[in-house]
Amino acid sequence: MLFNVTTTSSASHSSRLPPDTRSFIDRMAIYMGGVLVQNSFSNYNILVHAKKALGADRCSDSTLTHPEMCRVVSYHNGTKIETAANGGVGNESYTTADVQLAIMDWEGFLGSAQPDIVDTGLFPQITIEITLADNVICPVIADTGVATVDTVVSFKIPDSTASTLPFASAGGFSAPPTGGSTASYSLDNITMQVEVLGMASSVLDEVVAQRVSQVGYLSIPFKNYFSFSSSHSSTSRFNVNSASWDRLWIAWRDSGGGSAAAPVVAAGHKLGGAFVGKTAAATTCDGVDVGKPQYDFGGSLDTNKEKYLARYFRFQEQPTSAGAVSNYQLQINSANYPAYKLTVPEVYSLTMNSIDVYDKTRIMSLDQYKKDYFVQCYRFCLPESDYSRLSSGLDTRATSAQCALVTENVATSVACFIFAEVTSELRVANRAIEVII
């Protein structure tokens, strides 16, 4: 899906696009002949970022998907976002056909249906319904009135306690937006590309017809999701009713993450900019912005660079106090999973064991996991069953699993997002469909 995007902001503020173009989607439903096939679950974009936080995301393209946030210069079109003509306030937008963005991968039916080559003539009319997310997904930054991005605030390299963003040191921005400030966005020129295969023979049609005559239908399994969100206080309850409950994804966010906020520097990466070149008496600098990583001066674990997160998609551990050890446990129909309460390292170990595919080249420290990417995953299906189209998860149709996420030493009123990943089955025959959830 390709589109143009335009952002706006209130006076004396600047807006940025969030990382990953799938951030714009809050819900996506698929109907066939008026029948709901893919569940229209809320917080689609939260699920995308939760998987991305663990490297379990299938999306590998970065040319059109806006994978990182921009500070001053857009890597998408190579131009400065701030201009002196508008007082140093710039909103990141891409409005012409030659700089369109795109969504390349999808969660749910479009990204997981197997076989992925199928004659859509077998189906009734297919309708894809996309609901866009609220404006708060776009970070908003207060402007300090500095018109040019080269004005030098200080030549001193910040010490380890510095907390100013590179936005503040060089671009004329302050970190937090002022009260009532907002950013907004709009999408237009939306088009979709669908690959169509033309076959010179009728072999595929004959195979499908033979399968339907033998079994009575063509079976197409796919991933479906149910979402639950709560203001967590020691226990969050939910229930799942499915033929194959495969995994549970849990993302934690601070209670203020759902309001307009400035970008956040990722843990370990560069803080305030620091310039070298010219003299301290000079008003401008043509030198190099060296900055200072939070992990040593050289930037351990590939952190010697800038990286920003949208607070809306920043997942954090929320202990009751700085020294508290938080614990996590899942209960399903009064049975504990696992049998003991997990600490954060144990949660991470279980999580990575629950994911079949993830980017093994991705580098993440435990500190970054706690501060920026705190997502948990519990697996209930056989390992690697997704590759063989097996529905091997928990069958909860007769019992409707009553579940509870129980924690200790976790702050109250923390935003908790829970996603139940299930394998659903679409049965198709002669334009008639049946969905097994």
Evaluation steps, ring pair (Phe, Tyr, Trp, His ring centres under 6.0 Å), between Tyr75 and His66: CA-CA 9 Å; Tyr75 56 79; His66 198 270; 5.6 Å; yes
Crowded around Leu366 CG? As in, over 12 foreign heavy atoms under 6.0 Å? yes
Working note: Ser186 + Asp188, criterion side chain to side chain donor-acceptor pair (under 3.5 Å); need CA distance, chi angles, decisive distance, verdict. CA-CA 7 Å; Ser186 62; Asp188 57 9; 5.7 Å; no
Less than 4.5 Å apart, any side-chain heavy atom of Ile250 and any of Phe417? no
Given side chains that start at C-beta, do those of Gln368 and Thr303 come closer than 4.5 Å, heavy atoms only? yes
Distance only, no hydrogens: is a donor on one side chain within 3.5 Å (strictly under) of an acceptor on the other, for Tyr295 and Asp367? yes
So, Thr343 versus Glu346: side-chain donor-acceptor pair below 3.5 Å or not? yes
Do Phe226 and Phe41 have ring centres separated by under 6.0 Å? no
Side-chain ion pair, Glu68 and Lys307, N-O less than 4.0 Å: yes
If the plane angle is over 60° it's perpendicular, under 30° parallel, otherwise tilted; pick one for Phe228 and Phe238. tilted
Ser42 side chain to Ser227 side chain, donor-acceptor N/O pair below 3.5 angstrom: yes
Within this structure, what is the CZ-CZ distance for the pair Arg253 and Arg311, rounded to the nearest 0.5 Å? 9.0 Å
Hey, what do you get for CD (Glu195) to CD1 (Ile117), rounding to the nearest 0.5 Å? 7.0 Å
Quick check: closest heavy atoms across Pro115 and Ile220, and the distance to 0.1 Å? CD-CG1, 4.4 Å
Pairing of Lys51 and Asp57 as salt bridge, 4.0 angstrom limit: no
Contacts of type salt bridge (charged side-chain N to carboxylate O under 4.0 Å, His left out), residue Asp26, not counting sequence neighbours: none
Hydrogens and angles aside, do Thr8 and Ser184 bring a side-chain donor and acceptor to less than 3.5 Å of each other? yes
Hey, would you say the Tyr225 and Phe419 ring centroids sit under 6.0 Å apart? no
With a 4.0 Å cut-off, would you call Asp254 and Arg314 a salt bridge? no
Which heavy atom in Pro19 sits nearest to a heavy atom in Met69, and how many Å separate them? CD-CG, 3.4 Å
Thr79 versus Asn77, side-chain donor and acceptor atoms under 3.5 Å: yes
Between Asn45 and Ser23, a side-chain donor and acceptor under 3.5 Å: no
Are any side-chain N or O atoms of Glu107 and backbone N or O atoms of Met28, one a donor and one an acceptor, separated by less than 3.5 Å? no
Any idea which heavy atoms bring Thr95 and Asn4 closest together, and the distance? C-ND2, 3.5 Å
Distance-minimising heavy-atom pair for Pro319 and Ala324: CB-O, 4.0 Å
Quick one: do the Thr407 and His232 side chains pair a donor with an acceptor below 3.5 Å? yes
Return the set of residues passing side-chain hydrogen bond (donor to acceptor under 3.5 Å, both in side chains) with Asn239 (not counting sequence neighbours), or none when no residue passes. none
Is the closest basic N to carboxylate O distance between Asp20 and Lys52 below 4.0 Å? yes
Closest approach of His49 and Phe313, non-hydrogen atoms and distance? CD2-CD2, 3.4 Å
Residues Arg237 and Thr235: side-chain donor-acceptor under 3.5 angstrom: no
Exceeds 12 heavy-atom contacts within 6.0 angstrom, atom CZ of Arg362: yes
Please say which of Phe315, Tyr328, Trp249 ends up in a ring pair (Phe, Tyr, Trp, His ring centres under 6.0 Å) with Phe374. Tyr328
Are side-chain N/O atoms of Asn39 and Asn224 paired as donor and acceptor at under 3.5 Å? no
Electrostatic pair Lys371-Glu317, nearest N-O below 4.0 angstrom: no
Please check this pair: side chain of Asn91 against backbone of Ser15, looking for a donor-acceptor N/O pair closer than 3.5 Å. yes
The complete set of ring pair (Phe, Tyr, Trp, His ring centres under 6.0 Å) pairs with one or both residues in residues 91-123, sequence neighbours excluded, reads His76-Tyr94, Phe109-Phe222
Please determine if Arg22 forms a cation-pi arrangement with Tyr44, meaning its NZ or CZ atom is less than 6.0 Å from the six-membered ring centre and no more than 45° off the ring axis. no
Does His269 reach the main-chain N or O of Glu306 with its side chain, forming a donor-acceptor pair under 3.5 Å? no
Expected output: side-chain Ser242 to main-chain Val422 donor-acceptor under 3.5 Å: no
Test your reading of the model: is there a side-chain donor-acceptor pair from Thr65 to the backbone of Ile103, 3.5 Å cut-off? no
N/O donor-acceptor pair under 3.5 Å between Ser385 side chain and Cys381 backbone: no
Regarding Ser391 and Glu425, is there a side-chain donor-to-acceptor distance under 3.5 Å anywhere? no
